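Encoded as structure tokens, the structure appears first; notes follow it.
Small disclaimer: the values here were computed from a predicted structure and weren't measured. Just so it is clear: chains get the letters A, B, ... in the order the sequence lines come, proteins before strands, and each one is counted from 1.
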Amino acid sequence: MRHSYSPKILPHREKEIEELARILVSAIKGETPSNVFVYGKTGTGKTAVITHVGRALVRKVGGKIFSGQNAEQHHLGKTNPVFFIYMNCEMIDTQYRLLSKLAEYLGQSVPLTGWPTDKVYEMFFSALDDSEKLVIVVLDEIDKLLRKGSDDILYSLTRINSDLKKAKVSVIGISNDLNFIDFLDPRVRSSLGEEEIIFAPYDALQLIDILNQRVSEAFAEGSLEEDVIPLCAAFAAQEHGDARRALDLLRMAAELAERENSLRVRTKHVKISKEKIETDRVVEVIKTLPTQSKLVLYSVLFLEKYGMTNITTGETYNTYRELARKSSIDILTQRRVSDLISELDMLGILNSAVISKGRYGRSKEIKLATPHVYLKKILDDDARLSRIANYVPPMQHRLG
DNA sequence: AATCCACAGGAAGCCCGGGAAC
DNA sequence: GTTCCCGGGCTTCCTGTGGATT
């Protein structure tokens, strides 16, 4: 049931598999496949489809598969070998890291840092071109790459073929943000987008099929209550058809049922799991917030706790200053705190909306979107905030 | 209709840490 | 090691504004 498991059958992705296979099949004929751009939201099976097709190709013609720390070798066939390289740009997010990783996969050793980038490129290039082969580079979350400005590597990679004598390179770029393509250098865009495959979100019925297929491998007959799978599917369908989410739900529900010694997984387990997944996410976000943001949250929490409604930025800021002083934390400007409030809003931890109170100015109206008890417990875990855990605000605050 | 509050939120620039280049 | 550059967090300064009140 875990994401790392990749099933042999991918329901409702036949069309995409077919299309990708059509593009990559030219490798069997000894030609260089077009570059491909793949778009789709998280949990729509992009990575699964691509590795599936890539593996099949390498099995057929021989070559190697690289992914993370793993390498898998297959015996050579009649045509040139295929090196299938999967990389996630979330970790490998600079030119240097990308190139050194590529060079490493091709058998070179490059230090983690220290060399000029063009030297690493040289290493990579010579290792690449020392024998006849096709290298398919999969760049997952490719949008992370140019977020940090350096998309020249994409440029070099997509037109490297004209400089190569023996080897050939195809690039498969994966993104879950379609707008990303607008920010791309036009030359890269046209070359990367020679072929495009779009992964539409799964609908509830398709999610049911996916779950059923996994369930047949992972669960004993009759261990699920009848409505369990449809419910998981329905919840996940609300989340832009994320199959990963559906599987998480089912897995957590099963774990819960097991812990309760329940004979079957019931819909209530699914419902509880859904709550838990959501709160876990919020807890994680709040825990990892910078102290200043936590302090801002704390301020809103205080104001609400003492019965204030329609909390404004100014009121929040005054409380914030008081709390920051009490806990010897640097006091930021109201301008900055205003931005922090907006960020917390974006994260869904609180709600803020700009409203006008006529003669009494314009401000954000702020209220928490997270249960108080909860919030306080998490915030009090932060040692830097311990001094204000039992702080009682002065009278004027309580009057509202 | 004019006023004016209490901010929103843009622009420019400072500081600092980290990584690349030399 | 040193220098350079970059981005993020932050401050300073600023202009803009919806609508109750005058």
Expressed in angstrom and rounded to an integer, what is the separation of [X] atom [atom1] from [N] atom [atom2]?
X	N	atom1	atom2	result
A/E365	B/dC7	CD	P	12 Å
A/I331	C/dC10	CD1	P	14 Å
A/D345	B/dG9	CG	C1'	14 Å
A/Q292	C/dG8	CD	P	19 Å
A/L98	B/dA20	CG	C1'	16 Å
A/D339	C/dT12	CG	C1'	14 Å
A/Y317	B/dA8	OH	P	12 Å
A/E315	B/dC5	CD	P	17 Å

Counting primed atoms, P, OP1 and OP2 as sugar-phosphate and everything else as base, the B/S/- map of nucleotides 15-22 of chain C against protein heavy atoms under 4.0 Å is --BBBBBS
Test log, rule side-chain hydrogen bond (donor to acceptor under 3.5 Å, both in side chains), inputs A/T42 and A/H240: CA-CA 9 Å; A/T42 50; A/H240 61 256; 3.3 Å; yes
Answer yes or no: is there a donor N or O on one side and an acceptor on the other, between the side chain of [X] and the main chain of [Y], under 3.5 Å?
X	Y	result
A/N35	A/V171	yes
A/D129	A/K166	yes
A/Y202	A/A233	no
A/E16	A/K46	no

Kindly point out which of C/dT12, B/dA8, C/dC10 is positioned nearest to the side chain of A/T313?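 My answer, after comparing the listed nucleotides, is B/dA8.
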So for A/R335 and B/dG9, does any side-chain atom that can act as donor or acceptor lie under 3.5 Å from a complementary atom in the base?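 Such a pair is found, so the answer is yes.
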Using only side-chain N and O atoms of A/T333, determine if any of them is under 4.0 Å from OP1 or OP2 of C/dT12.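 Negative; the distance criterion is not met.
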Applying the side chain to side chain contact (heavy atoms under 4.5 Å, CB included) test to A/L347, which of A/L350, A/D345, A/I349 qualifies?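 The option that passes is A/I349.
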Determine the contact category for A/I341: base if any of its heavy atoms lies under 4.0 Å from a base atom, sugar-phosphate if only primed atoms, P, OP1 or OP2 are that close, otherwise nothing.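 Nothing, no nucleic acid heavy atom in range.
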Aromatic ring pairing A/F83/A/F66, orientation class (parallel under 30°, perpendicular over 60°, tilted between):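 Because their plane-to-plane angle lies in the 30° to 60° range, the rings of A/F83 and A/F66 count as tilted.
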